[in-house]
Amino acid sequence: MVRHLYSHLHKLLRPYWKQVGLATLFLLLITAGQLVIPVIVQRVIDIGLANADYGFLARAALLVLGIGAMRAVLFFWQRYLSVWIAQQVAFDLRNHLYDHIQRLSF
């Protein structure tokens with residue numbers, strides 16, 4: 001049952017494999033950006049605050065802001081692609097159902 005479902009889902013998504021791959025890549029980059037922030041904060045505490053290195057603190061703050069902006073842009077495009085793929089698959093399913101109903105005997 002589950003294998004059949006995955007097989008059918010694979011057939012539906014096959015025409016959109018580039019968009020699915022791009023959305024997945026964006027999701028991985030968003031996750032990586034989210035995982036980098038705590039490392040930067042740790043270095044700010046260990047290096048910047050401990051040594052009172054205000055230049056390091058400023059660079060770290062700009063880096064965190066840049067990563068946040070990058071994540072926001074990637075999140076927008078990931079959501080846009082995901083919704084676009086869902087709409088295309090729903091459109092294909094509706095057309096397939098309509099074609100099937102049209103071929104049924106009266």
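- Cluster annotation: M70 and L28 are assigned to distinct hydrophobic clusters (Ile/Leu/Val/Met/Phe/Trp/Tyr, side-chain heavy-atom contacts under 4.5 Å, transitive).
- Of all heavy-atom pairs between H8 and L93, the closest is NE2-CD2, 4.4 Å.
- By the side chain to side chain contact (heavy atoms under 4.5 Å, CB included) test, I37 is found to be paired with V41, V64, I67, residues two or more places apart in sequence or in another chain being considered.
- Annotation: the span from L104 atom CG to D99 atom CG amounts to 11.0 Å, rounded to 0.5 Å.
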Review point. Given Y16 and W84, is the side-chain contact (heavy atoms from CB on, under 4.5 Å) satisfied, shown in steps?
Key: CA-CA 10 Å; Y16 311 108; W84 184 85; 3.9 Å; yes
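- The shortest side-chain heavy-atom distance between Y6 and H10 does not fall under the 4.5 Å cut-off.
- The two residues A23 and L81 come nearest to each other via the heavy atoms N-CD1, 3.9 Å.
- One distance of note links CG of L35 with CD1 of I40; it measures 11.5 Å at 0.5 Å rounding.
- There is a path of hydrophobic side-chain contacts, each under 4.5 Å, that joins L74 to F76.
- Proximity of H96 to D92: side-chain heavy atoms (C-beta onward) are nowhere separated by under 4.5 Å.
- Residues satisfying the side chain to side chain contact (heavy atoms under 4.5 Å, CB included) test with Q34, not counting sequence neighbours, are R71.
- Every residue meeting the side chain to side chain contact (heavy atoms under 4.5 Å, CB included) condition with F56, not counting sequence neighbours, appears here in chain and number order: R43, V44, I47, D53, R59.
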Exercise for review: Run the numbers on Q87 and F91 for side-chain contact (heavy atoms from CB on, under 4.5 Å), then give the verdict.
Suggested key: CA-CA 6 Å; Q87 292 298 319; F91 179 78; over 6 Å; no
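- Cluster annotation: V36 is connected to I45 through the hydrophobic network of ILVMFWY side chains, with a link wherever side-chain heavy atoms come within less than 4.5 Å.
- No path of Ile, Leu, Val, Met, Phe, Trp and Tyr side chains, each step under 4.5 Å between heavy atoms, connects L62 with Y54, placing them in separate hydrophobic clusters.
- In this structure a side-chain-to-backbone donor-acceptor pair under 3.5 Å is missing from S7 to R3.
- Closest of all the heavy-atom pairs between L13 and I85 is CD2-CG2, 3.7 Å.
- Neither L27 nor W77 shares a network with the other; the hydrophobic side chains, linked directly or stepwise wherever heavy atoms of I, L, V, M, F, W or Y lie under 4.5 Å apart, form separate groups for each.
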